[in-house]
There are 2 protein chains.
Amino acid sequence: MNLLDIGEVVERTGNSPSTLRYYEDIALISSAGRKGLRRQYEPDVLLQLALIALSKSAGFTLDEIAGMFGGKARPELPRAQLRHQAAKIDVQIRRLGELRDTLQHVADCPAPTHLDCKSFRRLLTASLKPGSKSA
Amino acid sequence: MNLLDIGEVVERTGNSPSTLRYYEDIALISSAGRKGLRRQYEPDVLLQLALIALSKSAGFTLDEIAGMFGGKARPELPRAQLRHQAAKIDVQIRRLGELRDTLQHVADCPAPTHLDCKSFRRLLTASLKPGSKSA
DNA sequence: TCTTGACCTCAAGTTGACTTGAATTCGTAG
DNA sequence: CTACGAATTCAAGTCAACTTGAGGTCAAGA
């Protein structure tokens with residue numbers, strides 16, 4: 001059999017054993033069996049964990065991730081929902097672009113306080129609801 | 001004076017009063033005074049909060065945000081550090097692009113389980129340390 | 001004047017994502 | 001065969017980022 005010992009999974013993914021157990025508790029991954037007490041995993045778990053890591057770094061909660069990819073035996077993928085998530089990520093990407101530009105700008109701007117800088121203010125003012133009173 | 005009542009800040013930023021108080025507790029923002037008991041803020045707080053929201057959505061902790069922008073009176077911005085952060089965000093953007101593509105792909109892919117799909121696997125395998133044993 | 005609604009303080013509770021600790025059990029190297 | 005290292009369970013702890021609750025205070029309108 002070509003199962004992976006938990007130790008190998010730990011080493012290759014960088015997750016700690018307790019994290020793997022935790023993920024199993026919440027049914028994000030599953031182990032294929034035991035050798036003695038030690039969990040053994042199917043090699044695919046490596047990909048699953050990579051996907052989980054990627055999604056986490058994208059700001060998704062484990063619940064959301066489970067919703068996107070959870071349940072190995074999921075018969076019919078919620079394709080529409082996946083596309084929706086992809087679109088949300090696109091929004092996120094644009095937001096990050098904004099933030100990156102903002103940071104770049106703050107780093108380059110000669111204004112003493114960033115709040116004094118015009119284009120910095122412009123970058124941020126978008127997200128605000130207009131006040132009823134004058135600005 | 002043109003100070004903003006906390007109620008207005010709440011309405012215009014979407015933060016709850018308790019959040020504003022919390023941010024003040026941890027010195028992320030400051031209030032300019034009180035009217036009766038009610039906190040009053042300088043209008044700039046709106047920009048600060050927009051920046052905080054943006055940064056949070058980018059995955060930064062409040063601590064990190066405080067590190068980047070905290071302390072109104074910060075005399076010398078850590079420009080190098082800001083550029084570094086900007087670069088990190090760029091990495092994050094690329095990662096998100098990957099995830100978006102992955103999701104798109106999974107949504108479009110005819111393979112019954114996403115783990116069965118070749119290009120899906122290829123997208124993920126990058127992040128894994130090579131195993132000493134055969135794959 | 002009196003009521004009401006939105007704020008106040010302070011402590012404690014919540015959620016997500018794990019980690020830590022104590023007591024235990026394997027499988028392998030010696 | 002025995003000791004060791006690494007994994008096991010289960011409960012409890014931790015950290016960030018807030019929210020909630022109890023009890024209190026104000027300022028504006030009927």
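Labels below follow one simple rule: chain letters A, B, ... track the order of the sequence lines, proteins then strands, and each chain is numbered from 1. Treat the numbers as computed from the prediction; the structure is a model and nothing was measured.
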Which whole-number value in Å describes the distance from [X] [atom1] to [N] [atom2]?
{"X": "B:D63", "N": "D:dC15", "atom1": "CG", "atom2": "P", "answer": "12 Å"}
{"X": "A:L20", "N": "C:dA17", "atom1": "CG", "atom2": "P", "answer": "16 Å"}
{"X": "A:E64", "N": "C:dT15", "atom1": "CD", "atom2": "C1'", "answer": "14 Å"}
{"X": "A:F60", "N": "C:dG16", "atom1": "CZ", "atom2": "C1'", "answer": "16 Å"}
{"X": "B:Y41", "N": "C:dC7", "atom1": "OH", "atom2": "P", "answer": "11 Å"}
{"X": "A:R38", "N": "D:dG5", "atom1": "CZ", "atom2": "P", "answer": "13 Å"}
{"X": "B:D5", "N": "D:dC26", "atom1": "CG", "atom2": "P", "answer": "16 Å"}
{"X": "A:L37", "N": "C:dT28", "atom1": "CG", "atom2": "C1'", "answer": "15 Å"}

Taking only side-chain N and O atoms of [X], does any of them lie within less than 4.0 angstrom of OP1 or OP2 on [N]?
{"X": "B:S16", "N": "D:dT19", "value": "yes"}
{"X": "A:R21", "N": "D:dA6", "value": "no"}
{"X": "B:T19", "N": "D:dT19", "value": "yes"}
{"X": "A:S18", "N": "C:dT20", "value": "no"}
{"X": "A:R34", "N": "D:dT9", "value": "yes"}
{"X": "A:Y23", "N": "C:dA17", "value": "no"}
{"X": "B:K35", "N": "C:dA6", "value": "no"}

When the nearest nucleotide of DNA chain C is assigned to A:G36 and to A:I26 on a heavy-atom basis, which residue is associated with the more 5' position?
A:I26

Would you indicate which nucleotide in [options] comes nearest to any side-chain atom of [X]?
{"X": "A:I6", "options": "C:dC8, C:dC18, D:dA7", "result": "D:dA7"}
{"X": "A:R39", "options": "D:dT9, D:dA7, C:dA6", "result": "D:dT9"}
{"X": "A:K56", "options": "D:dC18, C:dC7, C:dC18", "result": "C:dC18"}
{"X": "B:T61", "options": "D:dT8, C:dA17, D:dA16", "result": "D:dA16"}
{"X": "A:Y22", "options": "D:dT8, C:dT19, D:dA17", "result": "C:dT19"}

Check: A:E8 side chain, A:D5 main-chain N or O, donor-acceptor pair, under 3.5 Å:
no

Check for a donor-acceptor pair, side chain of A:Q92 on one end and backbone N or O of B:S57 on the other, with a separation under 3.5 Å.
yes

Do the side chains of A:R21 and A:D25 get close enough for a salt bridge, i.e. N-O under 4.0 angstrom?
no

Would you call A:R121-B:D44 a salt bridge at under 4.0 Å N-O?
yes

Is there a side-chain contact between A:T13 and A:L46 (heavy atoms, below 4.5 Å)?
yes

Side chains of A:Y22 and A:L62, heavy atoms from C-beta outward: is any pair under 4.5 Å?
yes

